[in-house]
Amino acid sequence: SCTDVLCCMIFLLCIVGYIVLGLVAWVHGDPRRAAYPTDSQGHFCGQKGTPNENKTILFYFNLLRCTSPSVLLNLQCPTTQICVSKCPEKFLTYVEMQLLYTKDKSHWEDYRQFCKTTAKPVKSLTQLLLDDDCPTAIFPSKPFLQRCFPDFSTKNGTLTIGSKMVFQDGNGGTRSVIELRDAANGINKLLDAKSLGLKVFEDYATTWYWILIGLTIAMVLSWIFLILLRFIAGCLFWVFMIGVIGIIGYGIWHCYQQYTNLQAHPSSVLTIYDIGIQTNISMYFELQQTWFTFMIILCIIEVIVILMLIFLRNRIRVAIILLKEGSKAIGYVPSTLVYPALTFILLSICICYWVVTAVFLATSGVPVYKVIAPEGHCIHENQTCDPEIFNTTEIAKACPGALCNFAFYGGKSLYHQYIPTFHVYNLFVFLWLINFVVALGQCALAGAFATYYWAMKKPDDIPRYPLFTAFGRAIRYHTGSLAFGSLIIALIQMFKIVLEYLDHRLKRTQNTLSKFLQCCLRCCFWCLENAIKFLNRNAYIMIAIYGRNFCRSAKDAFNLLMRNVLKVAVTDEVTYFVLFLGKILVAGSIGVLAFLFFTQRLPVIAQGPASLNYYWVPLLTVILGSYLIAHGFFSVYAMCVETIFICFLEDLERNDGSTARPYYVSQPLLKIFQEENPQTKQQ
């Protein structure tokens, strides 16, 4: 029968509300506002079908009024902004242009493209400043993020712009390049980031074919391991162990080689404090500190793996038997290996819907204009204004030089007032859906594997399509229970996000005690989240077995685990450790091959790309992708082992091995537990 009907109804209502929110955001939002820069009148730059169609770049009249790049990117710099087709390429003041205009009127045509359409070349400087029709001066610039930024360059170690260190600001004053750089603080780092992004994109464009080949090999290797686990689980475990220890050992040897090679290099005397924070990540690989740190980390991991192997050697036998039993179950229900693809599709749909809804919510509303005082001495600053009549209002008279510029998109309607609340709702339902998809997968897999376990004669008693049946049963009867469990996880994750948000907002006002408390809270929420995930996973297994509601299933699972706490604590974790080694072996093997290939060290097999900017870009992509692929396959295995183990514990409590109540467990698994628990054998 249906379980947790109330929670199911609430969950469905939330989904309906989520769909309605997406439709309303679709009607009111406009993603072009995020894609195109906006001038002081709220018009898009480069939008087709408008006068600015060919003007794709935003130009600032007086960049010196801007205090930081974040102000520029948020379009709240206290200066007039217009759309232009290109950025200025030379130094020129308005006064100089007027002198040249008397001799050659073409100079005005070059200058007017950086002015408003109503500007005229015969105004005095005072009138120009009052009307704010043109910039008082222009200087060499380049487009970046669809905005004109100063074209800085270095000449003999000195920062210049257009080969000049000082220039006229058009108001009769002389300004230095340092002032312009300070006004656009951080632009050089943004430019470096852009350069880094372009190089990374070039590397992906060059190596995408080889990346797909590497990921395909990782998928095939994962399949092979899962098949071999059924027949040679014990032997394969030692392959995992030797392989992981060997890969980590190779990493230690390579780091040591790089460390010793850099000792003779002149730049090796530099430290991270000398180069500071760099967007050019490859600079860090030229430091001894980097390779020494990697070597120490790998040595620690190597020691931990070896110690775990020594102290858990007895429990590893149980883990191997469970893996063999899991291999049999997956062999009888092979469709479970395809299920991660369905989970990936559902998660992708949830993520895409959340992103699209967030973008449309962020771009909802109408243009809102605010009073901006360049000098910062106006009592009306940040008040809402109307640019059409601003010059005739009392504000313009009370604050000479004040501007009525576009600030953001918003409104005064009920919808616009609750947009921040809608953003929170969008995030919360997204977390709920993500956890529900994961819970649905766990319950469906648990149902399929429980069907295998409780079949007395395998495979004759296993029904057809057990995974499809378990999935339909979970959707039809237990949506409420799965929504209940995922709701708890979503609430914890939401609290963590709120905590991180408060930490970010209050970072400047924090003291040592508050930072300590926040670290404690962060640690507690992390432990709570993982504990609840573990309990939920076992509750879903009990739901798949008995079909009870979430609270009853969680209670039964908790009591069952507590009655067998030693078996669970050791056997479960050892099994996960073995599977984790398998993931590391897959990712590490593909990573070593990718490293040798992208660094041109495997010319015998294939010639790798020789024009890479950073070989670590495709390398890290292949390693991360291989690990995620292996995780998808081995997570099915982990769920299989955990389900069989829970069913085994339940089997031992319900049955006694007699003819009337025989055990459903396989003899190898029962035998090894009886050897470790004589009381089980006596029963």
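Any value given below was found using the heavy atoms of this structure, including those in side chains, with hydrogens, waters and symmetry copies removed. The chain is numbered in sequence order, starting from 1.
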Within the 4.5 Å heavy-atom criterion, are Trp454 and Ile545 side-chain neighbours or not? yes
Parallel, tilted or perpendicular: rings of Phe550 and Tyr540 (30°, 60°): tilted
Taking every heavy atom of Ala25 against every heavy atom of Leu361, the minimum-distance pair comes out as CB-CD2, 3.8 Å
Donor-acceptor under 3.5 Å (Asn559 side chain, Lys555 main chain): yes
Should Glu529 and Gln493 count as side-chain neighbours, where that means a heavy-atom distance under 4.5 Å? yes
What pair of heavy atoms forms the shortest contact from Leu482 to Ala439, and how long is it? CD2-O, 4.0 Å
Could you state the interatomic distance from OG (Ser626) to CD1 (Ile584), rounded to the nearest 0.5 Å? 11.5 Å
Would you say Ser486's side chain and Leu433's backbone share a donor-acceptor pair under 3.5 angstrom? no
What I'd like to find out is whether the side chain of Phe436 reaches to under 4.5 Å of the side chain of Ile489, using heavy atoms alone. no
Is any side-chain heavy atom of Ile590 less than 4.5 Å from a side-chain heavy atom of Tyr627? no
Specify the closest pair of heavy atoms between Ala544 and Cys443, including all atoms of both residues, with the distance to one decimal. CB-O, 3.8 Å
With no hydrogens and no angle check, is any side-chain donor or acceptor of Tyr339 less than 3.5 Å from a backbone partner on Leu467? no
Do Met562 and Phe558 have side chains that get closer than 4.5 Å, going by heavy atoms? yes
Given 3.5 Å as the limit, does a donor-acceptor pair link the side chain of Tyr425 with the main chain of Cys14, or not? yes
Any Val437 side-chain heavy atom under 4.5 Å of Cys350 side chain: yes
Do Tyr664 and Met456 have side chains that approach each other closer than 4.5 Å (heavy atoms only, starting at C-beta)? yes
On a heavy-atom basis, which atom in Val586 and which in Ala218 lie closest, and how many Å separate them? CG1-O, 4.0 Å
Are Trp432 and Leu487 packed together at the side-chain level, in the sense that at least one heavy-atom pair is separated by less than 4.5 angstrom? yes
Do the charged groups of Lys496 and Glu500 touch, with an N to O distance under 4.0 Å? no
Hey, can you tell me if Phe430 and Trp354 have their rings parallel, tilted or perpendicular (30° and 60° cut-offs)? parallel
